[in-house]
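These notes are about the structure you will find just below.
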Amino acid sequence: MSDYDLIVLGAGPAGAAAAIKARRLGLRVAVIDEAPAAGGQVYRAPSPALTIARPDADRAKGDDVRARLAASGTVLYANHRVWSLTPGFSVISIGPDGPLTLEASNLIVAAGAIERHIPVSGWTLPGVIGVAGATVLLKAHGVLPGRRVVVAGSGPLLLLVASKIIAAGGEVAAVVDAAPRTGWLARAGAMLARPDLMAKGSGWLLALLKARVPIHSGAAIRAIHGTDGVESVTIGRVDRDWRPVGAAERRVPADAVCLGFGLLPSTEVTRLLGAEHRYEPELGGWIPAVDASLQTSVPGLFVAGDGAGVRGADAAPLSGELAALGVISRLGRGGDLAGEATKIEAEWHKSGRFGGAMSALAVPPPAAAAMIAAGTTVCRCEGLSRAALDAAIVAGARTLADLKATTRCGMGPCGGRVCGEAAAMLIAVATGWDREAIGQPSARPPLRPVPLAAITGAFDYDDLPIPAPAPL
C-alpha cells in the first residue's frame, strides 16, 4: 500500500495534465490507467507489435504527453484496472503483479467517456463494432475493422473513423448520420470560434468526398443482415426526431459496421463514491455537480476531462490543470493561485465550446427509441429484447433501478454501460418521464470485470486460519 497527496484515475490528456501540474507544484502524485501507456483514447500509443506506423498528428501529440508525464516524476501505474474504491480515498486495482491499493486524500477522476449505443436489428452479429472501438483498432494496432465498412450513428466521430479507415487503405461503403444537416448549421457559430478544429473536420470530410463515399444525413441503419457475420445493411430515412420514416430503403453490401451515437461521460467512480450528479444532454448526459475548481460534492473528489462533460481533447488538459489547482488549494499549498485558476477556467470554457457543440450533435432525442425494433436485443449481457423491457415498463417499471429489479437489465458484466441509455430512452418514450426522474445505473464494485483469482491470489485452504468455536 502506498500513500500519495493525489491519485489521478486516467492518463489521457486531462489526467496527464493534472498530474504534471500537481507535480510541478510539489505534490506526490500517482496515475493509474488501464492502457499500457499514457495518452488516453485520443492519443493512444501504438502497440509495440505495430512495426509500420503511418505519420499521425495525434500520435505526435501523444508522444509529447507521454514524455512530459515521464519527466514530471509522476508515478504511473499502467496496465492497472481499478475495480473498487472507498471514500478517503483507497483505490484498489489489479495489475501485472497482482492487486494494488493506493491511498490519498485527494482523487482526480479523469476517466474520459464511454460510447452511447442505440441497438438496431443485427447489432450483435460478428463484425459490428463501436465507433470508439474501431479507433482503438486503427490507432493502436493498425487493423481495419473490415474490408468494406459502413460507419453509422451520429456525430463527428463518424467522419473521423471513416477518414481513418480510408487512410489505412480500407473501403467505406457509406457513412450514415442520423443528425440532419440543419443540426450542423445550427452550431456554425461554435465551430467558427475554432477555425483550426473546423479545418481538421473539413479535412475528414474532404477525404470522404475524394474517395466518393456516400454520406447519408438524416438517415439510420434499419437492420444489419448476415448469418455468421455482417453481409449487408439496410438504410432508411429518419425524421428530425430520428424516427424512421417512409418505405424507401437502401441495401448496402458490407462485411463490417462501426456503430456509435456519440459519447457519455464516464461517471462510474463518482457515482460509486456518492457524488451528486445532474443531467446535461448538451454535454453528453449525466455529469457530476462541481464547483469552480471541479471538486464534486464529495470533499477531495475532483473530475476532469470528458467525465466532467464531453468537451473534447483540446479542452481536457485545461480541466486537468484546473482540477490540480483545486487540489493544491485544498491542501493549502502553492500560495495564491486564484488568478491562475480564473484564467485557466476561462480558457477551458472557451476551448470547450467547440467540443460541446460537437458532442451535442450526437445526442439522440428520446423519440430515437423508435429505431429499436421489438425483437432487437437491448441488454446483451442478459439477452433481453426491447419487447421484454417494454413489457416490464407497461407493468410499472419507471426507473432504471425498477427495470434492473424486474428484468436484470444492466446486471451483467457491462454494468449497464452498453444498455443503460437505450433502456432509459424506452422508459422515457413509454412514460413521458424526464431523464432525471428515470435515474442512472447504479455503480457497485467491481467497476470492471476482474478474475477472482487475481483478487484472492494463490492460497491453500489448509493454511486458512479457523477461529475456535464460541463457548456454549
Side-chain angles (χ1 to χ4, degrees), residues 1-20 22-23 27-41 44-45 47 65-66 69-70 72-114 136 140 265-275 288 296 298 300-307 320 323-324 327 412-417 441-459:
M1 185 179 294
S2 301
D3 295 331
Y4 294 91
D5 298 312
L6 168 65
I7 297 171
V8 181
L9 300 187
I20 292 167
R23 279 293 300 145
L27 297 193
R28 294 169 300 157
V29 183
V31 177
I32 305 177
D33 197 278
E34 285 189 356
Q41 179 77 321
R44 182 175 289 271
S47 167
V65 168
R66 287 182 279 277
L69 183 64
S72 72
T74 295
V75 180
L76 173 62
Y77 294 93
N79 280 317
H80 278 73
R81 172 170 291 191
V82 173
W83 66 271
S84 186
L85 303 95
T86 59
F89 299 89
S90 288
V91 180
I92 308 166
S93 65
I94 297 292
D97 299 321
L100 173 72
T101 299
L102 303 180
E103 292 192 347
S105 57
N106 296 277
L107 180 68
I108 295 179
V109 180
I114 60 176
V136 174
S266 180
T267 60
E268 293 99 330
V269 172
T270 49
R271 282 184 278 133
L272 179 64
L273 293 174
T296 70
V298 177
L301 177 61
F302 296 75
V303 291
D306 284 345
V327 172
C414 87
R417 285 184 293 275
S442 57
R444 295 185 179 90
L447 292 172
R448 294 287 192 275
V450 292
L452 185 59
I455 300 173
T456 60
F459 65 91

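Looking only at distances, a side-chain donor or acceptor of R271 sits under 3.5 Å from a matching main-chain atom of P441. Judged by distance alone, the side chain of T296 and the main-chain N or O of V298 form a donor-acceptor pair under 3.5 Å. Within the 3.5 Å criterion, the main-chain N or O of V327 finds no donor-acceptor partner in the side chain of N106. A distance-only check finds a donor-acceptor pair linking the side chain of R417 to the backbone of C414 [under 3.5 Å]. Formation of a donor-acceptor pair under 3.5 Å by the D33 side chain with backbone atoms of A78 is not found in this model. At distances below 3.5 Å, at least one donor-acceptor pair connects side-chain atoms of R23 with backbone N or O atoms of L27. Side-chain N or O atoms of R81 include one that pairs as donor or acceptor with a backbone N or O of P449 at under 3.5 Å.
Taking all atoms of both residues into account, the shortest heavy-atom contact from R66 to A38 is NH1-O, 2.6 Å. When every heavy atom of V31 is checked against every heavy atom of A19, the shortest pair comes out as CG2-CB, 3.6 Å. Shown here for F89 and S105, the closest heavy-atom pair between the two residues is CE1-O, 3.6 Å. Smallest separation of non-hydrogen atoms from P13 and G39: CD-O, 3.8 Å. For the pair L272 and P445, the tightest heavy-atom approach, listed with the atom from each and the gap, is CD1-CD, 3.6 Å. In terms of heavy atoms, A110 sits closest to V8 at CB-CG1, 4.5 Å.
To the nearest 0.5 angstrom, R28 atom CZ is 7.0 Å from D3 atom CG. Separating the NE2 atom in H80 from the OG atom in S93 is a distance of 4.5 Å, to the nearest 0.5 Å. Rounding to the nearest 0.5 Å places OG1 of T86 at 5.5 Å from CD1 of I92. Note: W83 CH2 to L85 CG = 10.0 Å, rounded to the nearest 0.5 Å. In this structure, L107 CG and L301 CG are separated by 5.5 Å, a value rounded to the nearest 0.5 Å. Atom-to-atom distance recorded for L102:CG and L6:CG is 11.5 Å, nearest 0.5 angstrom.
Side-chain contact check for T270 versus V303: some heavy-atom pair is nearer than 4.5 Å. Side-chain contact between P87 and L273 is present, with at least one heavy-atom pair separated by less than 4.5 Å. For the pair L9/V269, a side-chain contact is recorded, criterion being any heavy-atom separation below 4.5 Å from C-beta on.
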Open item on the list: If you apply the rule side chain to side chain contact (heavy atoms under 4.5 Å, CB included), what do you find for R448 with V82, and how did you get there?
Closed with: CA-CA 7 Å; R448 294 287 192 275; V82 173; over 6 Å; no
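Of the listed residues (T74, I20, I7), just one forms a side-chain contact (heavy atoms from CB on, under 4.5 Å) with V29, and that residue is T74.
Looking at T101 and E103, their side chains never bring a donor and an acceptor atom within 3.5 Å of each other.
In this structure, R444 has no salt bridge (Lys or Arg N to Asp or Glu O under 4.0 Å) partners at least two apart in sequence or on a different chain.
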